[in-house]
Trainee: 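What follows is a structure written as structure tokens; I'll ask about it next.
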Amino acid sequence: MKADRPKQFLELLGKPVLQWDLELLLSMERLERIVLVIADEYRDLPFLQPFLSDPRLALALPGAERQNSVENGLAAVGDACTLVAIHDAARPLVTIDAIERCFADAAQHGAAVLAVPCKPTIKESADGEFVSRTLDRSKLWDVQTPQILRPQMLRDGFANANANQLAVTDDVSVVELMGEPVKLTVGEYTNLKLTTPEDMIIAETILRDRGETH
Ligand SMILES: C[C@](O)(CO)[C@H](O)COP(=O)(O)OP(=O)(O)OC[C@H]1O[C@@H](n2ccc(N)nc2=O)[C@H](O)[C@@H]1O
């Protein structure tokens with residue numbers, strides 16, 4: 001991102017990315033608990049203070065890789081929890097409608113992930129210089145978050161991934177590795193992952209288009 005702080009603290013229309021996330025998620029009454037995975041050094045930020053006093057918010061420490069951060073967050077999830085949703089702070093444009101549909105699919109199938117059909121043609125390269133092959137676009141899905149599943153499924157998946165030293169870049173991968181089904185919930189192209197500076201400009205345009213004026 002070429003920025004002076006982690007991208008979740010950069011501002012969109014004058015409001016930190018993480019604040020957009022938290023306001024959206026805390027507006028969903030069905031979420032009984034929200035575990036915010038955040039390093040100690042950022043917990044004093046003024047915008048966070050009202051959220052930290054919300055009884056539904058719990059905190060966990062990040063790990064070296066996203067996978068480790070998710071494991072730490074999962075440890076703060078109680079035994080009574082029936083479904084856990086893992087969301088990237090870097091995806092503040094997700095909508096309640098998409099999250100609700102993903103919950104419905106996860107309740108029915110055990111695990112579900114928001115995803116959109118892949119727009120570009122994707123080629124694979126073994127050496128990073130020449131094309132090895134072209135993948136069949138009609139079968140490709142660009143997966144997002146939230147990724148929603150039964151907590152025990154995620155715990156078993158992490159145990160299996162750790163035992164076999166398998167690194168994953170998303171959460172439902174650990175379920176796939178155990179051969180369990182993962183439902184694709186058709187999401188929205190606007191749920192982009194803020195990754196490079198131009199994503200901030202696109203995100204602000206989308207927010208303005210939605211009538212957000214913060
Ligand atoms: C899950 C997917 O969104 C599905 O497309 C991606 O695979 C995530 O890919 P990624 O490269 O991990 O994306 P990033 O933007 O770097 O990180 C996604 C989210 O994971 C969090 N993250 C990342 C690294 C880490 N050690 N702990 C974390 O909690 C970041 O705060 C961010 O909100």
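The model shown is predicted, which means the values in this text are computed figures rather than measured ones. Read the numbers this way: they start at 1 and go in the same order the structure lists the ligands and their atoms.
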Trainee: Roughly how far apart are D142 CG and Y189 OH, rounded to 0.5 Å?
Mentor: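 Answer rounded to 0.5 Å: 8.0 Å.
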Trainee: Measuring from each atom of ligand 1, which residues have a heavy atom under 4.0 Å away?
Mentor: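 Ligand 1 is contacted, at a heavy-atom distance under 4.0 Å, by K7, Q8, G63, A64, E65, R66, S69, D88, A89, A90, R91, V143, T145, T169, D170, K193.
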Trainee: Give a yes or no on whether L74 and L83 share a hydrophobic cluster (residues Ile, Leu, Val, Met, Phe, Trp, Tyr; joining criterion: side-chain heavy atoms under 4.5 Å apart).
Mentor: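 L74 and L83: separate clusters.
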Trainee: Under the side chain to side chain donor-acceptor pair (under 3.5 Å) test, which residues partner N162, sequence neighbours left out?
Mentor: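 Expected list: E71.
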Trainee: If you look only at pairs with a residue in residues 94-109, which of them pass as a salt bridge (Lys or Arg N to Asp or Glu O under 4.0 Å), with sequence neighbours excluded?
Mentor: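 Checked against salt bridge (Lys or Arg N to Asp or Glu O under 4.0 Å) - neighbours excluded - the pairs reaching residues 94-109 are R30-E100, D97-R101.
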Trainee: Does anything in residues 8-17 pair up under side-chain hydrogen bond (donor to acceptor under 3.5 Å, both in side chains), and if so which pairs, sequence neighbours excluded?
Mentor: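 Every side-chain hydrogen bond (donor to acceptor under 3.5 Å, both in side chains) pair that includes a residue of residues 8-17, provided the two are not neighbours, is K15-E23.
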Trainee: Can a salt bridge be assigned to the pair D88 and R66 using a cut-off of 4.0 Å between side-chain N and carboxylate O?
Mentor: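 Answer for the salt bridge query: yes.
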